[in-house]
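Scroll down for the structure; my scribbles are underneath it.
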Amino acid sequence: MFVLYPLVKLGIDSFSTGDGLSNYAAVFESAAGRKALITTVIGSVIVAVLAVGIGGICSWYIRSTKSTFARIVLWLAVLTPFWMGTVTKNYAIVLLIAENGALNQLLDVVGLSGLDLLYTPTAVLLGMVYTMVPYAAVSIYGALLTIDDSLLSAARSMGASRARIIRTIVLPLAMPGIVASTALVFAISLGFYVTPVLLGGAQTPFMATFIQDRILTFFDYGVASAASVVLLVIAIVILGLVVALVGRERLVRAIA
Amino acid sequence: MTVSDEQIPAASVPTGEGRAGTNGRGAALELRGVSKHFGSTVALAEANLSVRPGEFLTLLGPSGSGKTTMLRLIVGFEAPTSGQILLRGSDISHMSPAERDIGMVFQQYALFPHMTVADNIAYGLKIRRWPAAERKHKVEEMLELIRLPGFGDRYPRQLSGGQQQRVALGRALAYDPALILMDEPLGALDRTLRLQMEEEIRRLHRKLNATVIYVTHDQQEALALSDRIAIMRDGRIVALGTPEELYYRPGNSFVASFFANANLLPVDGHERRSADTAWVHCAGQELEVPAVGGGGEPAVLSVRRRSLRLGPADGLRLDGTVEETLLFGDEREVAMSVDGIGRVVAVLDARDSGEVRVGEPITLYAPAADTLLVPEI
Amino acid sequence: MRLSPRTSDRITRIAGFVTVTLAAAFLLAPVLLTAVLSFSNDPYFGVPPDTWGFRQYETLFTDQIWRDALMLSLKIALPVGLLSAVIAVPAVFAIHRSRLPGRNVLHVGGLAGIIIPISAFAVAMYGVLADFGLLGTYAGLVLANTVLALPLMLVVTSAALSRIPVELELAAMVTGASRARAWFGITLRLLAPAMIGGFVLAVVTSFDEAVFINFIGGPGLTTLPKAILDSARLGVDPVIMAVATLLMVATSILMILALKFARSTDE
């Protein structure tokens with residue numbers, strides 16, 4: 001109730017403040033709004049693919065490695081972003097990629113020219129991937145755990161190579177979990193606020209900053225709510241598609 | 001199974017009266033016309049049942065037969081739609097479970113995971129405000145009784161399934177309730193453990209002379225444990241009697257097939273000769289056979305698997321083709337198909353039946369006195 | 001070209017190892033960097049620092065701004081934890097132990113709170129709080145953070161309750177316990193670790209909240225994340241590295257405790 005009531009009200013407000021669809025028109029007609037929406041959606045797709053890719057590989061490694069040390073280090077690596085505060089982890093990335101940050105110092109030492117990453121869309125994506133890898137890794141790990149070891153042994157006994165086992169056994173069986181995880185990461189990514197603000201600076205257009213500007217700078221709640229509803233609808237459509245594709249159970253399990 | 005396969009004349013069947021021992025003091029538990037409806041479904045219809053003090057009574061039936069509903073009514077997890085439940089003569093139909101003085105053993109043990117074995121056993125004693133010293137003494141006594149002395153300080157998760165179930169027994173028995181209910185307590189155990197636990201339950205029952213109602217869907221368990229068995233189907237008690245009565249003289253076709261695993265052969269006609277014999281026309285033969293029931297209703301001929309034999313005998317003769325054979329050590333199970341009758345299963349002596357081949361014709365005989373005409377339900 | 005399974009295996013293994021090592025480095029580097037740099041003694045940011053020491057920590061603990069922000073964050077997080085426990089526990093019982101028609105809605109609503117885009121959610125909260133005149137107030141922040149923390153509390157306690165068999169409560173009642181004694185002594189007692197775990201999780205979530213505060217906070221309401229964010233927007237202040245390090249340590253300890261409690265119900 002507590003969750004749904006504000007969302008429903010948001011939907012109603014987006015139409016009733018102002019005149020019907022005018023708020024939506026304002027979002028789509030302004031260059032800033034269009035640009036922010038496109039950047040956010042494409043960015044979220046990239047983040048979802050990268051986070052699921054990295055998280056998936058890490059979780060498969062955790063699942064299959066025989067070395068306890070490797071498993072502990074990887075778990076630590078995967079869970080660390082979880083346990084760092086939202087703001088602090090983005091700040092840590094600033095330290096890493098700032099003009100005089102650690103990455104550039106390192107590049108300097110090996111004789112490469114520095115990168116000007118901070119306050120670019122790439123920096124935002126980096127920060128978002130960093131945040132989302134744990135979500136992806138944990139939810140895919142859950143899916144990988146359900147794959148019976150004897151299946152892998154069976155494939156191995158028939159002469160399949162590692163790559164083939166992963167391609168023909170692991171991936172198909174984990175696919176519903178991977179799809180659910182991708183959708184989850186995508187939906188969460190749409191709403192990122194701290195990362196664009198800290199790593200993207202004033203110039204990088206993301207929906208979160210667009211929405212905030214509407215409310216706090218222009219006091220235009222109507223347009224902000226319409227923009228929010230657009231984000232919500234995209235998230236709900238994608239999640240709905242995934243539910244239709246792999247079932248509600250999978251998605252619930254990916255979240256919990 | 002150790003029950004002898006000799007024919008037991010109906011008159012000599014023990015009724016279980018002697019084993020219950022304390023007959024005459026009135027019923028420990030009595031159900032009078034108890035029904036339970038869930039919406040329009042009838043989970044239990046007009047059940048009447050009287051359990052004697054010290055008796056071990058089993059409710060046996062397939063799932064959905066109403067046995068669990070009956071148990072939940074007795075313990076008080078559900079209230080009856082109509083009827084009365086009396087425990088030691090007083091009406092408990094609408095009391096809360098806590099007021100009823102019943103002990104219960106659950107299928108999944110239901111031990112409290114945050115308490116030690118000793119605390120689990122002492123739980124009912126604490127609620128009954130036993131002084132600490134007596135409580136401690138009683139817990140020791142129960143641990144001894146369930147053969148887990150020295151296990152008091154352990155937690156349930158540190159015990160095996162069988163051990164946990166023994167603790168559950170100890171917890172239910174500790175405060176000496178008027179009635180013990182057991183809801184498929186061996187269902188979660190593997191076969192070997194189940195046999196051991198059957199032994200254990202028998203021993204505890206003998207020793208404590210407790211009144212027990214035991215729910216199961218396993219007829220072997222019911223046979224091995226019970227003084228009397230109530231067989232249930234579709235919310236009704238369809239038979240009530242000692243294991244011997246129900247096995248050798250089932251009152252109807254359901255009991256014959258579900259409890260005694262008997263073949264039910266269709267008859268082309270039957271006619272009562274006396275109170276407990278009838279003429280039947282079966283498999284093209286006319287025979288005089290023992291019969292139960294009123295005589296007017298549709299009936300089938302019940303033939304237990306072990307009643308069939310290879311050697312010629314007076315009585316029923318079945319000609320068929322062998323469909324399948326399965327060796328069980330000393331015995332061989334043979335399935336045959338008989339024209340006009342269908343599939344008939346026999347259990348033969350393994351060494352006598354070595355020549356039986358799948359696909360070949362076979363002739364089996366059942367002495368007429370070893371068959372029984374039963375009403376079809 | 002077909003590779004022999006053996007060569008193919010070796011390539012897969014090396015490729016996997018390299019990818020995983022890079023990923024681990026990427027995930028671990030920011031934390032280690034922050035922790036190490038927090039011991040810089042320079043008044044400015046530089047890698048590597050010119051001098052080492054506890055200067056940043058000293059500044060942090062003597063500066064009134066950081067102390068106020070910390071206190072406000074705690075003053076919000078603790079009531080949020082309590083509120084979500086008070087709401088979540090009855091809700092979870094309603095979901096599991098009754099056949100209420102709305103139980104699915106409750107479940108979906110709870111999960112929705114975790115996955116919907118947070119800034120859209122923040123605008124929604126803005127709208128609701130504006131209606132009640134709670135924008136820019138302490139009460140408004142507590143309420144909004146509770147809405148955010150509640151789903152986590154629900155998920156944790158709900159998972160724990162589903163692992164507590166109903167039979168335990170029934171067994172206690174047959175054995176003679178009153179309904180209340182069975183509920184408090186058995187079911188609630190077994191749920192307690194998960195409730196504590198959920199409480200810690202809710203507190204951490206609220207403590208860490210940095211999005212809502214920007215929409216619905218106001219002047220004079222600067223929580224710790226907000227203070228860090230504001231400071232970081234202005235430039236790289238080395239004090240933040242000390243704040244960040246302390247926060248990471250505290251959060252890690254709390255999260256490990258929370259997970260430990262939440263899991264102990266399993267046994």
Side-chain angles (χ1 to χ4, degrees), chain A residues 1-7 9-10 13 54 57-58 61 73-74 76-78 80-81 83-89 91-96 98 100-102 105 130 133 159 161-163 184 187-188 190-191 193-194 197-198 207-208 211-212 215 221 224-225 228 231-232 235 239 252 255-256, chain C residues 5 8-9 12-13 16 19-20 23-24 26-31 33-34 37 45-48 109-128 130 146-147 150-151 155 159 208 210-211 214-215 225 228-229 232-233 236 240-241 243-244 247-248 251-252 255:
Chain A
M1 291 314 121
F2 283 88
V3 175
L4 298 180
Y5 166 67
L7 297 180
K9 182 175 154 33
L10 179 76
D13 284 354
I54 297 175
I57 292 172
C58 287
Y61 220 83
V73 169
L74 268 179
L76 207 65
V78 161
T80 305
W83 290 347
M84 286 168 79
T86 315
V87 182
T88 41
K89 77 181 135 202
Y91 181 73
I93 298 202
V94 173
L95 299 184
L96 190 66
N100 55 347
Q105 298 297 332
Y130 185 68
V133 164
S161 66
R162 261 163 215 277
L184 188 72
I188 299 178
L190 288 175
Y193 171 84
V194 174
V197 166
L198 267 185
M207 277 306 259
I211 291 171
Q212 195 199 13
I215 289 195
Y221 171 64
S225 58
S228 306
L231 280 192
L232 268 182
L239 292 173
V252 170
I255 298 165
Chain C
S8 150
D9 272 5
T12 317
R13 192 181 293 169
T19 321
V20 168
F26 167 56
L27 294 170
L28 286 172
V31 196
L33 190 65
T34 312
L37 290 184
F45 168 68
V47 183
L111 292 176
I114 300 178
I115 48 180
I116 54 175
I118 179 87
S119 33
F121 203 7
V123 176
M125 283 314 295
Y126 178 91
V128 172
T146 304
V147 173
L150 193 56
V155 168
D208 182 49
V211 181
N214 282 288
F215 286 81
I228 304 173
L229 191 63
R233 269 163 136 167
V236 182
I240 305 179
M241 295 182 292
V243 185
L247 271 184
M248 282 184 319
T251 323
S252 305
M255 291 293 272

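Naming: A, B, ... by sequence-line order, numbering from 1 per chain.
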Evaluate the side-chain proximity of [Y] to [X]: yes if any heavy-atom separation is below 4.5 Å, no if none is.
X: Leu229(C); Y: Tyr91(A); result: no
X: Thr88(A); Y: Thr34(C); result: no
X: Leu27(C); Y: Pro81(A); result: yes

Where is the tightest heavy-atom contact between Ala120(C) and Leu10(A), given as atom of each residue plus distance?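 Result for this residue pair: O-CD2, 3.9 Å.
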For Ser119(C) and Gly191(A), work out which heavy atoms get closest and say how close. OG-O, 2.7 Å
Quick one: do Thr19(C) and Tyr61(A) satisfy side-chain contact (heavy atoms from CB on, under 4.5 Å)? Show the steps, please. CA-CA 10 Å; Thr19(C) 321; Tyr61(A) 220 83; over 6 Å; no
Under 4.5 Å from a heavy atom of chain C, the part of [X] involved:
X: Ser225(A); value: both
X: Leu96(A); value: both
X: Ala235(A); value: side chain

Give me the ring orientation class for Tyr221(A) and Tyr126(C): parallel if the planes are under 30° apart, tilted from 30 to 60°, perpendicular past 60°.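 If you compare the ring of Tyr221(A) with that of Tyr126(C), the planes turn out tilted.
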Interface residue of largest heavy-atom contact number with chain C, from Thr86(A), Val133(A), Leu74(A), under 4.5 Å: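 Top option by heavy-atom pairs under 4.5 Å: Thr86(A).
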Between Val73(A), Leu239(A), Leu198(A), Ile211(A), which residue shows the highest count of heavy-atom pairs closer than 4.5 Å to chain C?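 Of the candidates given, the most pairs with chain C belong to Leu198(A).
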